[in-house]
Protein chains: 2
Amino acid sequence: MSFQGIEEAYNRIAKVVNKTPVITSRTLNLLVKANIFFKCENFQRVGAFKFRGAYNALCLLSDRQKKMGVITHSSGNHAQAVALAASLWGINATIVMPKGAPINKINATKSYGAQVVFCDNTLEARIKTTEDLIKKHKAVLIHPYDNENIINGQGTAAYELIKEMGVLDVVIAPLGGGGLLSGTALASKGLHSNTKVIGVEPILADDALKSLKAGYIIPSTYPDTIADGLRTSLCERTFNIIRKYVDDVITVSEIEIIEAMKFLWERMKIIVEPSGAVPLAAILSKKVSVENEKVGVILSGGNVDVEPFFQLLEKKS
Amino acid sequence: MSFQGIEEAYNRIAKVVNKTPVITSRTLNLLVKANIFFKCENFQRVGAFKFRGAYNALCLLSDRQKKMGVITHSSGNHAQAVALAASLWGINATIVMPKGAPINKINATKSYGAQVVFCDNTLEARIKTTEDLIKKHKAVLIHPYDNENIINGQGTAAYELIKEMGVLDVVIAPLGGGGLLSGTALASKGLHSNTKVIGVEPILADDALKSLKAGYIIPSTYPDTIADGLRTSLCERTFNIIRKYVDDVITVSEIEIIEAMKFLWERMKIIVEPSGAVPLAAILSKKVSVENEKVGVILSGGNVDVEPFFQLLEKKS
């Protein structure tokens, strides 16, 4: 994997992905004495950076593979990303989703024309169901992060941010399976080798910190964090990139995540999902020091179920 | 009042107000077959366009007036706007707020260093308390919309939007006391006289529609709409501008307002308050026809109490 892969991915997908806005907050900058630039991937198509990777991966399939169709398992943003990317390419997509996935994500995935196959709520059931389907139908697996083309696509968010804002002292990204952080690190270090790259994960899903300390992968066992996008664990591919290119991994509590999310909603007026608020949680809790620095933050996505809020509102009105 | 006043206001305040982003939605554009550009004043300082007018008005006070200090009555965004503008000028500000105003708005107003004086929850009590204070302290009243400099300031949002996006077929703005719509109409017609200007108000606060039909002002009596920023009624000044420059006034129901707000939150990932969602309500309900048109929408603000949502979230986590 290399920086060149990200630059090529960017040129490949730039016309189809949204060039997402970069947003700042006077209040926050005064509060933490830094210049923080938020790359708003919550404004990306399907509401998350995942579309960058999925679209890049699908661009690179051979004609034969495109005819075979694609398959993936996901309860969240990757499902929608693959579904939309496949529909743009006119490719058949099968998405294995746990029965318990939120109804709005199931509906969104179906709305892009993907076939949704349900399975039990365990990771094992997802993998088993997906493998069985692959054996039967020979569809091409699009793994959410253990895939070079996916990682290159995800890296284009940081690439776009740095191309727009110039040299950054630090770039901070959420850390789950490590696809976004790997791409972010390759892009950031590739553009300016002195830029520090930091990954942030929930304490309740701190497999990366543990794995880095141990020197081998220790998957999360019960990653019951509110940051549902970060419950996945590293794979060898992302582990190796993160070991090599990421300067620091920091963990944050559930309360810190909620406080950061609230700041983004209340003060900055943007809907960000818990996973996307994790880097700001590290900043607000001063677990990462950013004073006097020019900081890039990848706001990974904004897919939150706002239904309960509107139910309250309708009751009141 | 004239277009020149808005251009001058823009040059006066451009360095202090936020140049707010313009956001689009592929989904929405496909849905209504139009090109809609949202001017995101929810990203303005204090979370609403009101800062534009307040800052412009305070710029134009004489030194003697600045020493006297300013006063206004408001339960909402104008209170915060005057408080912040006054603090930037180092002017004393007194804000008369009803006892029942939301605690977050009271705290925000105080946080800018304004003195908050509480009164009973009626409009009469607000006016009486303000007049009494003016008699005692000789402070300068900054009316939320019956003020030429305020209207010119509010018009800079549309001015900035059109300068960035080029000629628009239609510009749509929320309509309460008429300050924003008056400024929007002066700016839009001043830049391109063929641009259509439409105001949208809640059916539950439809004083403008009634007044325009009658030919004289008929204030709202019990404007119990969820769009709390639009409960005010026209004054002679705004009535006359709207009569002259606004092409159409449309009304929307409470359910249509909530649906539009939900679209902005769920699909576009931005926090917009009910008053700011009113123009989109008119578009989504097809009460205004925008097919094949290039449309500007003023998203007036994003000050919503999100606390109930986060209370639900904390319980779950």
Side-chain angles (χ1 to χ4, degrees), chain A residues 16 18 20-27 40-48 84 104 108 111 202 204 224-228 253-255 257-259 261-274 276-277 299 301-317, chain B residues 16 18 20-27 40-48 84 104 108 111 202 204 224-228 253-255 257-259 261-274 276-277 299 301-317:
Chain A
V16 177
N18 286 346
T20 53
V22 177
I23 284 183
T24 59
S25 160
R26 283 175 205 257
T27 311
C40 291
E41 289 296 301
N42 51 336
F43 296 153
Q44 188 50 267
R45 296 178 80 165
V46 313
L84 173 58
N104 55 334
S111 78
L204 293 184
D224 189 21
T225 168
I226 191 177
D228 53 315
S253 72
E254 299 296 290
I255 289 170
I257 296 170
I258 292 175
E259 280 304 308
M261 187 174 157
K262 202 168 157 184
F263 188 96
L264 290 157
W265 286 45
E266 215 168 42
R267 306 300 302 246
M268 295 183 60
K269 314 297 179 193
I270 47 179
I271 305 255
V272 176
E273 59 187 85
L299 282 185
N303 290 328
V304 183
D305 182 13
V306 297
E307 198 54 49
F309 180 85
F310 282 89
Q311 275 168 10
L312 287 179
L313 206 65
E314 274 161 38
K315 253 184 243 163
K316 272 200 286 181
S317 80
Chain B
V16 177
N18 286 346
T20 53
V22 177
I23 284 182
T24 60
S25 160
R26 283 175 204 257
T27 311
C40 291
E41 288 297 301
N42 52 336
F43 296 152
Q44 188 50 266
R45 296 178 81 164
V46 313
L84 173 58
N104 55 334
S111 78
L204 293 185
D224 190 21
T225 168
I226 191 177
D228 53 317
S253 72
E254 299 295 291
I255 289 170
I257 296 170
I258 292 175
E259 280 304 309
M261 187 174 157
K262 201 167 158 183
F263 188 96
L264 290 158
W265 286 45
E266 215 168 40
R267 306 300 301 247
M268 295 182 62
K269 314 297 179 192
I270 48 179
I271 305 256
V272 176
E273 59 187 86
L299 283 185
N303 290 329
V304 184
D305 183 12
V306 297
E307 198 54 47
F309 180 83
F310 282 88
Q311 275 168 12
L312 287 179
L313 205 65
E314 273 161 38
K315 254 185 239 162
K316 272 200 284 179
S317 80

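Chain naming here is simple, since letters A, B, ... match the order of the sequence lines and numbering starts at 1 in each. Quantities reported herein were computed from a predicted structural model and do not represent experimental measurements.
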Novice: Distance-only, no hydrogens or angles: does the B:Lys269 side chain make a donor-acceptor pair with backbone N or O of A:Gly302 under 3.5 Å?
Specialist: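 Side chain of B:Lys269 to backbone of A:Gly302, a donor-acceptor pair under 3.5 Å: yes, one is there.
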Novice: Tell me, side chain or backbone of B:Met261 under 4.5 Å from chain A's heavy atoms, or both, or neither?
Specialist: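 Answer is both: backbone and side chain atoms of B:Met261 are under 4.5 Å from chain A.
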Novice: For each of B:Thr225, B:Ile257, B:Val272, B:Asn303, tally heavy-atom pairs with chain A at distances under 4.5 Å, and name the one with the top tally.
Specialist: B:Asn303
Novice: Please identify, among B:Arg267, B:Arg45, B:Glu307, the residue contributing the most non-hydrogen atom pairs under 4.5 Å to chain A.
Specialist: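 The option with the most such pairs is B:Arg45.
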Novice: Going by the angle between their ring planes, with limits at 30° and 60°, are B:Phe309 and A:Trp265 parallel, tilted or perpendicular?
Specialist: parallel
Novice: In Å and rounded to the nearest 0.5 Å, what is the CD1 to OG distance from B:Ile258 to B:Ser253?
Specialist: 8.5 Å
Novice: Between A:Thr20 and A:Gln44, do the side chains contain a donor N or O and an acceptor N or O under 3.5 Å apart?
Specialist: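 No, no side-chain donor-acceptor pair sits under 3.5 Å.
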Novice: Pick one of side chain, backbone, both or neither for A:Ile255, based on which atoms fall under 4.5 Å of a heavy atom in chain B.
Specialist: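 Looking at A:Ile255, nothing touches chain B.
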Novice: Tell me, side chain or backbone of B:Ile23 under 4.5 Å from chain A's heavy atoms, or both, or neither?
Specialist: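 For B:Ile23, the contact with chain A is made by the side chain alone.
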Novice: With side chains defined as the heavy atoms from C-beta onward, is the minimum distance between A:Glu41 and A:Asn18 less than 4.5 Å?
Specialist: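 They are not in side-chain contact.
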